[in-house]
J.: 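Starting off with a structure, shown below.
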Amino acid sequence: MNRREFLLSSAAFGAMMLAAPSVFAEDKLTILGSVPNLGFPFFVHMLNEIKAEAAAQGVNLTESDGQNSATKQTADIEAALVQKVNAIVISPLDVNALAPAIEEAVKAGVPVVTIDRRVDGVEGILAHVGADNVKGGEAEANAMVAAFPNGAKIFHLQGQPGAGPAIDRNKGVHNVLDPLKDKYQIVFEQTANFARAEALSVTEAGLAANGKPDAIVCANDDMALGAMEACAARNFTDVKIYGFDALPEALVAVRDGKLAGTVEQFPGEQSRTAVRIAVAYAKDKSEPKEKLVLLTPIVIGKDNLDKAERIGETK
């Protein structure tokens, strides 16, 4: 090759390299972001944060709404594997029912990061990012105890059976209240499946059978808001009701004195952290510094509303 041919070939190579970024930019990594049910505001916020972080990381996102069906969420994972996604970020509806699909993804070499709900029975999950829900349940119960130093009669609305957060929050509440059962009596305890309408009817049944409690401890805000409605209908406005998730509507209720408190578990930070871990591994096999990342929940009351992740969304 003479000098002229060399220069021409070098120029062509340089032009190709300049063009390469636009070509390769279309060949982005793709991740699946899956949440249990977009009928719940908590999971809408979680998926929005997943989307925002995926965009910040420059990756494509396939969105999945489990529609409160383990079968649907399983099918979404299987479809994503067929489409050869590069990573999966998922909050499983039921930690047991989703285990086989997650195991299938791991065996296929697709990194999986779980959020909020931890799947303990599957080896090889890249990481779990969530809140320490046991500590969250303990914080919620301790806030109630502090409000009633002389004891209280309590209703306890539990979350969806089989869901990791429901199991752990229930454990946390009982960790605090069981040793104090002589003073703090749970007179009514039932699941309302994290749903507002169900919490309304369950609370109405509890009030009819047991009369007015001093406090109602709920495993999420939707149930707390349903319980609040049931109490308001009977003009039981002095019942102290505690929620969990720090939804904007719940924060407004705390500000206005209609809810006594709500537990902030920082779902946005959970989601963004999970996406960062998944993308880092998908790009260059970067292992996370920690396989288990647990944020410590805090109780939000009137005095610390500024600590809530979604306070900017309140009106």
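Everything numeric here is computed off the predicted structure, so don't read it as measured data. These numbers come from the heavy atoms of this one structure, side chains and all, not from hydrogens, waters or symmetry mates.
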J.: Determine the minimum heavy-atom distance between Arg272 and Ala52, stating which atoms define it.
T.: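 So the minimum-distance heavy-atom pair works out to NH2-CB, 3.3 Å.
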J.: Output, in order, the C-alpha distance, side-chain angles, deciding distance and verdict of side-chain contact (heavy atoms from CB on, under 4.5 Å) for Glu189 and His174.
T.: CA-CA 11 Å; Glu189 184 172 55; His174 279 277; 2.6 Å; yes
J.: Could you grab the distance from atom CG of Leu157 to atom CG of Asn170, nearest 0.5 Å is fine?
T.: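 Rounded to the nearest 0.5 Å, the CG-CG separation comes out at 11.5 Å.
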J.: Would you say Gln270 and His128 are linked by a side-chain donor-acceptor pair, where the criterion is simply a distance under 3.5 Å?
T.: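 There is no such pair between these side chains.
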J.: Donor-acceptor pair, Asn220 side chain versus Phe194 backbone, under 3.5 Å?
T.: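 Side chain of Asn220 to backbone of Phe194: a pair is present.
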J.: Taking Val44 as the starting point, is it possible to reach Ile311 by hopping between hydrophobic residues whose side chains are less than 4.5 Å apart?
T.: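 Yes, because Ile311 and Val44 connect within a single hydrophobic cluster, where side-chain heavy atoms sit under 4.5 Å apart.
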J.: Looking at every non-hydrogen atom in both residues, tell me the closest pair between Ala278 and Val89 and how far apart they are.
T.: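 So the minimum-distance heavy-atom pair works out to CB-CG2, 3.7 Å.
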J.: Only one of Asp222, Val217, Val173, Val263 passes side-chain contact (heavy atoms from CB on, under 4.5 Å) with Phe244; say which it is.
T.: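 Going through Asp222, Val217, Val173, Val263 one by one, the side-chain contact (heavy atoms from CB on, under 4.5 Å) with Phe244 is satisfied by Val263 alone.
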J.: Say whether Leu292 and Ile125 are linked into one hydrophobic cluster, either directly or through other cluster members, by side-chain heavy-atom distances under 4.5 angstrom.
T.: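 Looking at the clustering, Ile125 is in a separate group from Leu292.
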J.: Within the distance-only criterion (no hydrogens, no angle test), does the side chain of Asn304 pair as donor or acceptor with the backbone N or O of Gly301 below 3.5 angstrom?
T.: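 Yes, the answer is positive, given that a donor and an acceptor are paired below the 3.5 Å cut-off.
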J.: Does one side chain, of His156 or Gln190, offer a donor that lies under 3.5 Å from an acceptor on the other?
T.: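 Not at all, the side chains of His156 and Gln190 share no donor-acceptor pair under 3.5 Å.
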J.: Report the C-alpha separation of Leu200 and Arg196 in whole Å, then their side-chain angles, then the decisive distance to 0.1 Å, and conclude whether the side-chain contact (heavy atoms from CB on, under 4.5 Å) test is met.
T.: CA-CA 6 Å; Leu200 170 59; Arg196 188 178 308 196; 5.9 Å; no
J.: For Lys212, look at atom NZ and say whether over 12 heavy atoms of other residues, nucleotides or ligands are found less than 6.0 Å away.
T.: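 Above 12, so yes.
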J.: Minimum heavy-atom separation for Val202 and Ala192, please, with both atom names.
T.: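 Taking Val202 first and Ala192 second, the nearest heavy atoms are CG2-CB, 4.3 Å.
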J.: Whether the side chain of Asn133 engages the backbone of Arg169 through a donor-acceptor N/O pair (distance < 3.5 Å, no angle test) should be reported.
T.: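 No: the side chain of Asn133 does not pair with the backbone of Arg169.
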J.: Is any NZ, NE, NH1 or NH2 atom of the basic residue among Glu313 and Arg310 found under 4.0 Å from an Asp or Glu carboxylate oxygen of the other?
T.: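 Yes, Glu313 and Arg310 are salt-bridged.
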J.: Using modelled atom types and a 3.5 Å cut-off, is there a donor and acceptor pairing between side-chain atoms of Glu140 and backbone atoms of Val299?
T.: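 Looks like no, no N/O pair under 3.5 Å.
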J.: Please tell me if the side chains of Leu98 and Thr74 come closer than 4.5 Å, counting only heavy atoms from C-beta onward.
T.: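 In short, these two side chains touch, coming nearer than 4.5 Å.
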J.: Give a yes or no answer on whether the side chain of Asp245 reaches the backbone of Leu247 with a donor-acceptor pair at less than 3.5 Å.
T.: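 Pair absent, no side-chain N/O of Asp245 close to backbone of Leu247.
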J.: Without swapping roles, check the side chain of Arg118 against the backbone of Gly164 for a donor-acceptor pair under 3.5 Å.
T.: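 A pair under 3.5 Å: no.
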J.: Taking all atoms of both residues into account, what is the closest heavy-atom pair of Asp65 and Pro36, and its distance?
T.: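 Shortest heavy-atom contact: OD1-O, 4.0 Å.
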J.: Within the distance-only criterion (no hydrogens, no angle test), does the side chain of Tyr242 pair as donor or acceptor with the backbone N or O of Ala215 below 3.5 angstrom?
T.: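 Flag not set: sc Tyr242 to bb Ala215 has no pair under 3.5 Å.
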J.: Is it the case that more than 12 heavy atoms not belonging to Lys240 sit under 6.0 Å from its NZ atom?
T.: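 No, the 6.0 Å shell around NZ holds no more than 12 heavy atoms from other groups.
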J.: Is it true that Glu264 and Lys307 have a side-chain N and a carboxylate O under 4.0 angstrom from each other?
T.: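 Looking at Glu264 and Lys307, the cut-off is not met.
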J.: When you compare the side chains of Asn193 and Gln160, does any donor N or O come within less than 3.5 Å of an acceptor on the partner?
T.: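 Per modelled atom types, Asn193 and Gln160 side chains form no pair under 3.5 Å.
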J.: Are Phe42 and Ile90 connected, step by step, through hydrophobic side chains (Ile, Leu, Val, Met, Phe, Trp, Tyr) whose heavy atoms are closer than 4.5 Å?
T.: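 Per the 4.5 Å side-chain linkage, Phe42 and Ile90 are not co-clustered.
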J.: Once you round to the nearest 0.5 Å, how far does NZ of Lys135 lie from CG of Leu295?
T.: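 Here the interatomic distance stands at 11.0 Å.
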J.: Any side-chain to backbone donor/acceptor pair from Ser69 onto Gly66? Under 3.5 Å, distance only.
T.: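 No.
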J.: So, Asn37 side chain and Gly39 main chain: donor-acceptor pair closer than 3.5 Å or not?
T.: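 Judged by distance alone, yes, a pair lies under 3.5 Å.
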J.: List the atom of Val95, the atom of Gly162, and the distance in Å for their closest heavy-atom pair.
T.: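 Heavy-atom minimum between the residues: CG2-O, 3.5 Å.
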J.: Would you please say whether a donor-acceptor pair under 3.5 Å links the side chains of Thr273 and Glu269?
T.: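 Judged by distance alone, the side chains do pair up.
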J.: Taking all non-hydrogen atoms of both residues into account, name the closest pair between Val119 and Val122 and its distance.
T.: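 Smallest interatomic distance, heavy atoms only, reads CG1-CG2, 3.7 Å.
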J.: Spell out, yes or no, whether Val187 and Ile154 are grouped together once hydrophobic residues are joined by side-chain heavy atoms under 4.5 Å, including indirect joins.
T.: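 In one cluster with Val187: Ile154, no.
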J.: Determine, using the 4.5 Å side-chain heavy-atom cutoff (strictly less than), whether Leu207 and Met223 are members of one ILVMFWY cluster.
T.: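 Same hydrophobic cluster.
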J.: Do the side chain of Ser91 and the main chain of Val35 share a donor and acceptor less than 3.5 angstrom apart?
T.: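 No, because the side chain of Ser91 does not come within donor-acceptor range (under 3.5 Å) of the backbone of Val35.
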J.: Of Leu126, Ile77, Asp76, which is the lone residue that meets side-chain contact (heavy atoms from CB on, under 4.5 Å) with Ile88?
T.: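 Per the side-chain contact (heavy atoms from CB on, under 4.5 Å) rule, the option paired with Ile88 is Ile77, out of Leu126, Ile77, Asp76.
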J.: In the structure I gave you, are the side-chain heavy atoms of Thr314 and Glu249 within less than 4.5 Å of one another anywhere?
T.: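 No, too far: nothing below the 4.5 Å cut-off.
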J.: Do Cys218 and Ile216 have side chains that approach each other closer than 4.5 Å (heavy atoms only, starting at C-beta)?
T.: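 Yes. Closest side-chain heavy atoms under 4.5 Å.
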J.: Please round to the nearest 0.5 Å and tell me the distance separating atom OG of Ser271 and atom CZ of Phe266.
T.: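 Nearest 0.5 Å value for the OG-CZ distance: 13.5 Å.
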J.: Mind checking the CD-CD1 spacing from Glu49 to Ile115? Nearest 0.5 Å is all I need.
T.: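 Reported value, rounded in 0.5 Å steps: 10.5 Å.
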J.: Just checking, is any N or O donor in the side chain of Ser34 or Gln73 under 3.5 Å from an acceptor N or O on the other one?
T.: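 Short answer, yes.
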J.: Could you go step by step and tell me if Lys302 and Arg255 meet the side-chain contact (heavy atoms from CB on, under 4.5 Å) rule?
T.: CA-CA 6 Å; Lys302 272 190 173 183; Arg255 182 195 66 197; 5.7 Å; no
J.: For Asp221 and Thr262, which I'm curious about, is there any donor-acceptor pair between the side chains at under 3.5 Å?
T.: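 Short answer, yes.
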J.: Answer yes or no: are there more than 12 heavy-atom neighbours, outside Lys258 itself, under 6.0 Å from its atom NZ?
T.: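 It does not: Lys258 NZ has 12 such atoms or fewer within range.
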J.: Give, for atom CG of Leu61 and atom CD1 of Ile31, the distance between the pair rounded to the nearest 0.5 Å.
T.: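 Going from the CG atom of Leu61 to the CD1 atom of Ile31 covers 5.5 Å.
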J.: Report, as yes or no, whether the 6.0 Å neighbourhood of atom NZ on Lys291 holds more than 12 heavy atoms from other residues, nucleotides or ligands.
T.: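 Count over threshold, so yes.
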J.: If you count every heavy atom of other residues, nucleotides or ligands that lies below 6.0 Å from Lys171 atom NZ, does the total exceed 12?
T.: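 No, NZ of Lys171 has 12 or fewer neighbouring heavy atoms, counting only those of other groups under 6.0 Å.
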J.: Carefully, step by step, assess Leu225 and Glu229 under the rule side-chain contact (heavy atoms from CB on, under 4.5 Å).
T.: CA-CA 6 Å; Leu225 293 165; Glu229 187 177 342; over 6 Å; no
